[in-house]
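Every number for a ligand or one of its atoms is a count from 1 in the order of the listing. Position 1 is the first residue of the sequence, and the numbers go up from there. Quantities reported herein were computed from a predicted structural model and do not represent experimental measurements.
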Amino acid sequence: MKFELTVNGVRQSSEAPADISLLHFLRDNLRMTGTKEGCNVGECGACSVLLDGKLVNSCLVLAAQANGREVITIEGIHAPDGGPNDLQQAFIEYGAVQCGYCTPGMVLAGEALLNSNPKPTRLEIREAIAGNLCRCTGYQQIVDAIEAAAIHRQEAGHD
Ligand code: FES
Ligand code: FES
């Protein structure tokens, strides 16, 4: 089956089995390996991407469901100069990246939250990342990083 979807603003088309997941389509067909495969059953959030702006577990979404739609992966999250954006920089500064396996999904979860709720409480941040498992950080640093990015965006007038 031929798939056509927009990934990080670029129209992509590729042939793949009709039942391929969006996760495997991204990784295997488009060679975009920033999206991680963890549990493959919707429990860890490592595979998180934005589908038409909404956070989804790409292991649970068929590429066919994303056909004709817009996907944002971690490769599409960066500063204008291609370096880390403010949220990614906050992850680095607050020690929210350790093994890094969960990090792409955490960043996408953070972006989804800040897009819909620019001034989240810490509880709201915890709820927003509840579907994303991290074995390393204990979550405190991740919550700190997302909170810092929220404050930075408010101060920068991005809200
Ligand atoms: S790999 Fe998709 S939720 Fe774990
Ligand atoms: S930094 Fe290792 S799983 Fe989160």
Could you tell me which atoms of ligand 1, counted from 1 in the order shown, lie closer than 4.0 angstrom to a heavy atom of [X]?
X	answer
Cys59	1 (S), 2 (Fe), 3 (S)
Cys47	1 (S), 2 (Fe), 3 (S)
Gly42	3 (S)
Glu43	3 (S)
Asn40	1 (S), 4 (Fe)

Any N/O/S atom of Cys39 sitting less than 2.8 Å from atom 4 (Fe) of ligand 1, backbone or side chain?
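Yes, since at least one N, O or S atom of Cys39 sits under 2.8 Å from atom 4 (Fe) of ligand 1.
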
Ligand 2: protein residues within heavy-atom distance under 4.0 Å =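 Contacting ligand 2 under 4.0 Å are Gln98, Cys99, Gly100, Cys102, Cys134, Arg135, Cys136.
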
- Taking atom types as modelled, is there a side-chain donor on Asn117 or Glu124 under 3.5 Å from an acceptor on the other?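 There is such a pair (donor and acceptor under 3.5 Å, judged by atom type) between the side chains of Asn117 and Glu124.
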
Regarding Asn85 and Glu111, do their side chains bring together a donor and an acceptor under 3.5 Å, going by distance alone?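 Yes.
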
Should we count CZ of Arg11 as having more than 12 external heavy atoms under 6.0 Å?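 Counting other residues, nucleotides and ligands, CZ of Arg11 exceeds 12 neighbours.
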
* Which residue pairs satisfy the salt bridge (Lys or Arg N to Asp or Glu O under 4.0 Å) criterion with at least one member in residues 19-34, sequence neighbours excluded? ->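 Salt bridge (Lys or Arg N to Asp or Glu O under 4.0 Å) check on residues 19-34 returns no pairs.
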
Check your understanding: Quick one: side chain to side chain contact (heavy atoms under 4.5 Å, CB included) partners of Ala109, sequence neighbours excluded?
Key ->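 Applying side chain to side chain contact (heavy atoms under 4.5 Å, CB included) to Ala109 gives Leu55, Ile129, Asn132.
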
Going by an N to O cut-off under 4.0 Å, is there a salt bridge joining Arg153 and Glu155?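 Looking at Glu155 together with Arg153, the answer is no, because their closest N to O distance does not fall below 4.0 Å.
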
So, for Gly45 and Asn57, which heavy atoms are closest and what is the spacing to 0.1 Å?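 Minimum heavy-atom contact is CA-OD1, 3.7 Å.
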
Testing the basics here: between Glu75 and Thr73, what is the closest heavy-atom pair and its distance to 0.1 Å?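 Shortest heavy-atom contact: OE1-OG1, 2.6 Å.
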
Filter on ring pair (Phe, Tyr, Trp, His ring centres under 6.0 Å), then keep only pairs touching residues 14-50, sequence neighbours left out; what's left?
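The answer is Phe3-Phe25.
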
